[in-house]
Amino acid sequence: MRLSRSLIPTLKEIPAEAQIVSHRLMLRAGMVRQTASGIYAWLPAGLRVLQKISAIVRQEQNAAGVQELLMPTIQSADLWRESGRYDVYGKEMLRITDRHERELLYGPTNEEMITALVRDSVKTYRDLPQSLYHIQWKFRDEGRPRFGVLRGREFLMKDAYSFDLDYEGAVLSYRRMMLAYMRTFQRLGVRAIPMVADTGPIGGDLSHEFHVLAPTGESQVFYDSAFEDLDLNSANLDYENPDDMAAFFQRATNIYAATDEKHDSEAWAKIPADRKREGRGIEVGQIFYFGPKYSQAMGFSLAGPDGSKIIPEMGSYGIGVSRLVGAIIEASHDDAGIIWPDAVAPFSVALLNLKPGDAACDAMCEDIYRQFGDDILYDDRSERAGAKFAEADLMGHPWQIIVGPRGAAAGMVELKRRASGERFELPRAAALAKLQPGAA
RNA sequence: CGGAGCGUAGCGCAGCCUGGUAGCGCAUCAGUCUGGGGGACUGGGGGUCGUGGGUUCGAAUCCCGCCGCUCCGACCA
């Protein structure tokens, strides 16, 4: 994309309404604009991040055998009366009445809807297990929206739901999802640690929150640094093999990690001092086994092979996609701006033409731009070099290709790595080769 | 939901107390110089002062209502 033709309205000054760094940077980098309290429009650069995160989430869900569907944002109040939650859910639920005085709501979550859909579609126990997800906008009418997209009212979420015939099956679904989540976060380039979470009346150990570590996090978290060495992408684990899943789950949950609510000082004391890690976390995902809670309430049962009645065991699994954008920035920025992990940057590369109008600069930039495809932002404006550097750093592209008149005449470009600040003077072809996917 | 603020040009703000024809910085437009870390100079454009009412000869300024946004706390992902 050419910056001269893009709607990426960067700001030099900090908007008064933004208090925390991710909110400020998202506004300043031209990614989002607030349109009402806690509701944001995603401008082109912000949308690209949302789409890159979504794509990775989608790939990992699909890889774990979860099927994608798309449920609506608007739901019927009657559906929620089936589970009894319509009257229980508080003011966070946005209730709407249509022209026929029918009661509707903007969905804050989809347990009821998915349960009804599966209930009405599944005919026999042979149709289970099922696991399904969608990536959809949700609305929770927070009393006090703040922190930009970290605590907005409208937010994009991946939510998945599993249906199994028995507890063992539900446990397997849960473990699969935990692995999928850890792989997802690893690919996104953020460290997210699964923390033991409150399971409420269900009990057991089948609820985890995933926290991204950032100084502005809302929770105090404690964990064993052994998590930092857990590489799950290279581990040869088969989602379909229960033994693999059990072994993985054992490994992951043996390492201590908890938020302050669930912090166990006895267990903490046993961890070697040099492995203790303590800090703040932003919750970006949660996985939860809740058994037959909704299937029972909503009359979802099947005849088993021996004729007995089976009430499916369920779980639900969320990833806050829009929230992740803020969380990643909280975890990865400096005074100059955002430092995007490679996988989620709106553009992997910024191409800075330091002297538009200079024949050598223009020719080289146009050539690079043409070769690179969609994932590059070409700063072709007639701004001063300093302004281009400042904006590129602000927007946080992982790489900058800097083309100046001196270098261009000699066929050289400068490559700058945003995260480290390293610069390399390279021939044009070598620079491009270095940036090809996988070459890094 | 309790408490506290704010709303004046695209953004950040002053002006309000003590009423008298609306200002600064940045951005923007034109031109000149400049040209590797948000440059300089000259000249221009842009505002129903959130909104409705009231007081007054006269309201951005004083009074009342409403709307919007923000902060602290409670709640929440």
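Just so we're on the same page: letters track the sequence lines, and every chain starts at 1.
- Pairing for B:U48 is absent, with no Watson-Crick or G-U wobble pair whose two atom distances lie under 3.5 Å.
- Within 4.0 Å (heavy atoms only), A:Leu394 reaches at least one base atom of the nucleic acid.
- In this entry the distance linking CH2 of A:Trp137 with P of B:A77 reads 19 Å, nearest Å.
- Classification of A:Lys293 and A:Glu111 as a salt-bridged pair fails, no side-chain N sitting under 4.0 Å from a carboxylate O.
- Here the separation of B:G31 from B:G23, taken at their C1' atoms, is 26 Å to the nearest Å.
- Rounded to whole Å, atom P of B:G12 lies 10 Å from atom CG of A:Leu27.
- Rounded to a whole Å, the CD atom of A:Glu391 is 17 Å from the P atom of B:G36.
- Across B:A77 and B:G25, the matching P atoms stand 48 Å from one another, rounded to whole Å.
- Within 4.0 Å (heavy atoms only), A:Arg28 reaches at least one base atom of the nucleic acid.
- Each of A:Ser382 and A:Lys388 has a nearest nucleotide on RNA chain B; the 5'-most of these lies closest to A:Ser382.
- To the nearest 0.5 angstrom, A:His333 atom NE2 is 8.0 Å from A:Ile339 atom CD1.
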Please produce a list of atom pairs where a protein N or O lies less than 3.5 Å from an N or O of nucleotides 7-9 of chain B.
none

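- Nucleotide B:C17 is matched to nothing when pairs are restricted to Watson-Crick or G-U wobble geometry with both distances under 3.5 angstrom.
- Ring orientation note: the planes of A:Trp42 and A:Trp137 are tilted relative to one another, at an angle of 30° to 60°.
- For A:Arg151 against B:C75, a side-chain N or O and a base N or O form a donor-acceptor pair under 3.5 Å.
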Write down the protein N/O and nucleotide N/O pairs, taken from nucleotides 66-70 of chain B, whose separation is under 3.5 Å; answer none if there are no such pairs.
| residue | atom | partner | partner atom | Å |
| --- | --- | --- | --- | --- |
| B:C69 | OP1 | A:Ser37 | N | 2.6 |
| B:C69 | O3' | A:Gln34 | NE2 | 3.1 |
| B:U70 | OP1 | A:Gln34 | OE1 | 3.3 |
| B:U70 | OP1 | A:Gln34 | NE2 | 3.3 |
| B:U70 | OP2 | A:Ser37 | OG | 3.0 |

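- Here B:A77 presents its P atom at 7 Å from OH of A:Tyr89, a figure rounded to the nearest Å.
- Between the side chain of A:Glu218 and the backbone N or O of A:Glu283, at least one donor-acceptor pair lies under 3.5 Å.
- For the P atoms, the distance linking B:U34 with B:C26 amounts to 22 Å, nearest Å.
- Applying the 3.5 Å distance criterion, the base of B:G35 shares no donor-acceptor pair with the side chain of A:Arg384.
- When Watson-Crick and G-U wobble pairs are counted only if both distances are under 3.5 Å, B:G7 pairs with B:C67.
- Remark: A:Arg417 is positioned above the aromatic ring of A:Trp399, its terminal NZ or CZ atom under 6.0 angstrom from the ring centre and at most 45 degrees off the axis.
- Going from the P atom of B:G50 to that of B:G44 covers 28 Å, rounded to whole Å.
- Across every strand in view, B:G43 sits in a pair with B:C29 that passes the Watson-Crick or G-U test at under 3.5 angstrom.
- In summary, A:Arg277 and A:Glu228 engage in a salt bridge, as defined by a charged side-chain N under 4.0 Å from a carboxylate O.
- Of the nucleotides present, none pairs with B:U56 by Watson-Crick or G-U wobble criteria with both distances under 3.5 Å.
- In this structure, NZ of A:Lys91 is placed 12 Å from C1' of B:G2, rounded to the nearest angstrom.
- Taking atom C1' on both B:A59 and B:C16, the two are 10 Å apart, rounded to the nearest angstrom.
- Under the 3.5 Å distance criterion, the side-chain polar atoms of A:Arg176 are matched with a main-chain donor or acceptor of A:Tyr239.
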Readout for nucleotides 22-28 of chain B: B = base within 4.0 Å of protein heavy atom, S = sugar-phosphate only, - = neither; 5' to 3' it is ---BBS-

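- Seen from the ring of A:Tyr86, A:Arg95 counts as a face-on cation partner, given the 6.0 Å and 45° thresholds.
- Across all strands shown, nothing is found opposite B:A74 as a Watson-Crick or G-U wobble partner with both distances under 3.5 Å.
- In the set B:G38, B:G36, B:A77, the nucleotide with an atom closest to the side chain of A:Arg323 is B:A77.
- B:U70 sits 33 Å from B:C29 when the C1' atoms are compared, rounded to a whole Å.
- Between the P atom of B:A77 and the CD1 atom of A:Ile287 lies a distance of 16 Å, rounded to the nearest Å.
- Nucleotides B:C13 and B:U18, compared at atom P, are 25 Å apart to the nearest Å.
- Across all strands, A:Gly404 comes closer than 4.0 Å to base atoms (heavy-atom distances).
- A:Asp334 places a side-chain N or O within 3.5 Å of a backbone atom of A:Gly337 that can act as its donor or acceptor partner.
- No salt bridge links A:Asp358 with A:Arg406; every basic N to acidic carboxylate O contact stays at or beyond 4.0 Å.
- Within 4.0 Å (heavy atoms only), A:Gly281 reaches no atom of the nucleic acid at all.
- For the pair A:Glu283 and A:Pro15, both in contact range of RNA chain B, the more 5′-proximal nearest nucleotide belongs to A:Pro15.
- Residues A:Arg275 and A:Tyr256 bring no donor and acceptor atom of their side chains to less than 3.5 Å of each other.
- A cation-pi arrangement, defined by a distance under 6.0 Å to the six-membered ring centre and an angle within 45 degrees of its axis, is absent between A:Arg140 and A:Phe155.
- At a threshold of 4.0 angstrom between heavy atoms, the contacts of A:Ala385 are confined to the sugar-phosphate backbone, with no base atom among them.
- A salt bridge does not link A:Lys262 with A:Glu209: every distance from a Lys NZ or Arg NE/NH1/NH2 to an Asp or Glu carboxylate oxygen is 4.0 Å or more.
- One N or O on the side chain of A:Arg33 and one on the backbone of A:Leu27 form a donor-acceptor pair closer than 3.5 Å.
- Rounded to a whole Å, the CG atom of A:Leu354 is 15 Å from the C1' atom of B:G39.
- For the C1' atom pair drawn from B:U32 and B:G12, the interatomic distance equals 29 Å after rounding to whole Å.
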